[in-house]
Amino acid sequence: ERHLYSTDICVSVIAIAGFPDYRYLEDNDIDIDIFDEGEEFVCELSSGLTVPIRGSDEQMEEMRVLLNEGKLISYEMTVGVADNMISVYGDDDSVYLPPGKVVLAPRIDRRKKQRALKGGGGSDVSDRYMRKLKQETYEGDKPVLAVRVIDSEGKAHSDNADVISDKIFGTDDDVANLKSQFAACSYGKLRVTNQYTVDISKHLSAPGVIEITIDKALMGNDRTAIRTAMINAAQTKLGFQLPGPFESVMFVIEQCYTDCGWAAYAYVNSWFSAYQGDNYKYVGVQMHEIGHNLNLAHSGGLDGKTYTDHTCVMGNPYYSDNVGMMCFNPAKNFQIAKAGDSWYNDNNHDIAVWNSGLVGGAQWSGTIIGIADYKSNPDFRPVVVKVESGSTKDLFLGFNRAIGVNKDTADAQDRVTVIEAGNDGLSYAQSFLKASLSQGETYTIANWRQSGFDLTIHVKEINLDANPGYADVIMTHEGITENPTPKPTPRPTFHPTIYPTPNPTQMPTRNSIEGICGNSVCETAEDSRNCPIDCLGRELKTTFEFNLGSGGNMFTVEAKRSMIISSLAINSSSRGEGRVKIYTRKGGYDGHVESSDGWELIYDNPAVTHARRGHVTELGDIQQVIEAGDSRSFFITSTRGLVYKSGSLESAEFVS
């Protein structure tokens, strides 16, 4: 029997991203391409359980596109269709989308405190534990719970709870595990822990591990039925609804008997993951699945397949208990640093952004180090360079240094990697490896940004003898030029750039800037040509603290030196898609607040993906020149609202 319900039945929609079991597929002569169809989706019920979402092929593909465009945010949004109705078949417990265009809406908040489930004898766990919407928190303690599952026929993984604890948390000196590798890649900023804010000690079989018995047999039941049985049994034992005080819960089953071909799978931007067989103990698989919990998408390779970027654990990881010291690719590192405001964000120079513009002739030149040398960087070199494409799908460059925390990277060792990813690199998006370059090699993109000119990425040198090792890279919009152009580039960097005076009497010599170039200050003798590391792509960053909000904000920039402001970033009031407009006028805004006279609209984007409050939302090109001694005012509005910190005096200097 079919029943119609309001879309309110789905508290949220959760994407599921899995990882294939290549050995099973090969042994059973199954084509890997059947696992390249993309993410699945489930409806989260108010009970915390989930049921599959079914629809036409077109609807499911539309949802995958919306997910990878950052418009459908897993675990934070719900979905319906144009008539705001969905249907549920009682016989298979699936949610069915009727014909029509998919419609998105914010998730339905649980408004009342959840009561403890009966049978566990536990205390109430408040709604603040129930709703951990922002799962992609990359910094601080990350409480993880492991669950050893025993099915109704007594089948369970042969590893006992103590072994599982060691393989995940290193409680008995396991050399490579989830805890150790996240600590290594994040340089101690993300700390996997088995210490919780709720006392569950009476339920633990080992540190961070509980054991449950489910009422289903692994043989003869698909993974949806097994997942429901596991969550029900864990909630009953603990006495509260998951995720409770945990940010990730890892379920370990003996092996897969029905609906197989997967090694592990996880909720995106949420808390659940499941592992069959020995996959739970492989650090590459652990990092991959918890990466999905952290809102990281898959990493595809040069062949365009979903999982084949072997430079990144979100691609094809190792099936190894002791080998797996590798981290993420440049696109994921950018997402963590910028959207997550963590890991590789200690200094302004850690992440570089270059905007080539449209007219050709622009150039970026500099040296890049690997994330393995992040804490050894006296020359202020970036670990990621983002290349703005003029769309939401950009390029990300990195140096895949194969030492230390990244010594086991499985491909492109000690090469420059070029990664393409969408969503401006700021949220969940499938990435693809486009090139891996050794010394002397070049990657060319024809007709870059539809400009009629090619973009070339050329690796001049890779020096592994230096400390730290580095890659010297030059990017040119139209051909390779060994020496920078003698005139200012017409459309330079993504951030404010100091450019030379219009009529210089003599270009500063290299000797005149020796000893000062590289000090993170664009000195008088420096400009974007003779010291790009100091003067190219500089950021003027205000505080992202806030205590006030409004629909718009005005501010004035006074130029002590001639500069080009290439783009701006905002602190939005809420997450999601919204319209942003930027107006500008020469001089200050005082006396022009209530009049449109003199204000020019320079940016109007109706589909900006806004980050949450306190995090950066990057905007597109604006290219505004301010000559030395002049000032220019800006007025930014957003339909999502803006937040800011109150100043002490109108028109007073806020930051310099």
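Contact record, T171 with S165: OG1-OG, 2.9 Å, taken as the closest heavy-atom pair. Across all non-hydrogen atoms, the minimal contact from N177 to V283 is O-CG2, 3.5 Å.
Comment: K167 does not engage D159 in a salt bridge, judged by the lack of any side-chain N to carboxylate O separation of less than 4.0 angstrom. A salt bridge between K338 and D424 is absent, with no side-chain N of the basic residue lying under 4.0 Å from a carboxylate O of the acidic one. Using a cutoff of 4.0 Å between basic side-chain nitrogens and carboxylate oxygens, D394 and K386 are scored as salt-bridged. Here E40 pairs with R223 in a salt bridge; the nearest charged N to carboxylate O distance falls below 4.0 Å. With respect to the salt-bridge test (charged N to carboxylate O, under 4.0 angstrom), the residues R107 and E76 do not qualify. Salt bridge E62/R64: absent, no basic N to carboxylate O contact under 4.0 Å.
Each of F272, Y265, Y275 was scored for a ring pair (Phe, Tyr, Trp, His ring centres under 6.0 Å) with F251, with one residue passing: F272.
At a threshold of 4.5 Å between non-hydrogen side-chain atoms, the residues N68 and Q430 count as touching. Taking 4.5 Å as the limit, every side-chain heavy atom of I53 sits out of range of all side-chain heavy atoms of V42. You'll find the side chain of L204 stays beyond 4.5 Å of the side chain of V209, heavy atoms only.
No close placement of the F19 and H298 rings is indicated, their centers lying 6.0 Å or farther apart.
In the model, N423 has no side-chain atom that pairs as donor or acceptor with a side-chain atom of T392 under 3.5 Å. In the model, N377 has no side-chain atom that pairs as donor or acceptor with a side-chain atom of D373 under 3.5 Å. In the model, T311 has no side-chain atom that pairs as donor or acceptor with a side-chain atom of N329 under 3.5 Å.
Side-chain atoms of E211 never come within 3.5 Å of backbone atoms of S205 as a donor-acceptor pair (strictly under, hydrogens ignored).
Between Y196 and F246, the two ring planes are perpendicular [angle over 60°; tilted spans 30° to 60°]. Using a 30° and 60° split on the angle between ring planes, Y319 and Y282 fall in the perpendicular class, above 60°. Ring geometry for Y374 against Y187 counts as tilted: the plane angle lies between 30° and 60°, on a 0 to 90° scale.
Between C327 and C312, the gamma sulfurs sit at a distance of 2.5 angstrom or greater.
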Stepwise side chain to side chain contact (heavy atoms under 4.5 Å, CB included) test for M230 and I253: CA-CA 10 Å; M230 292 190 304; I253 67 172; 3.7 Å; yes
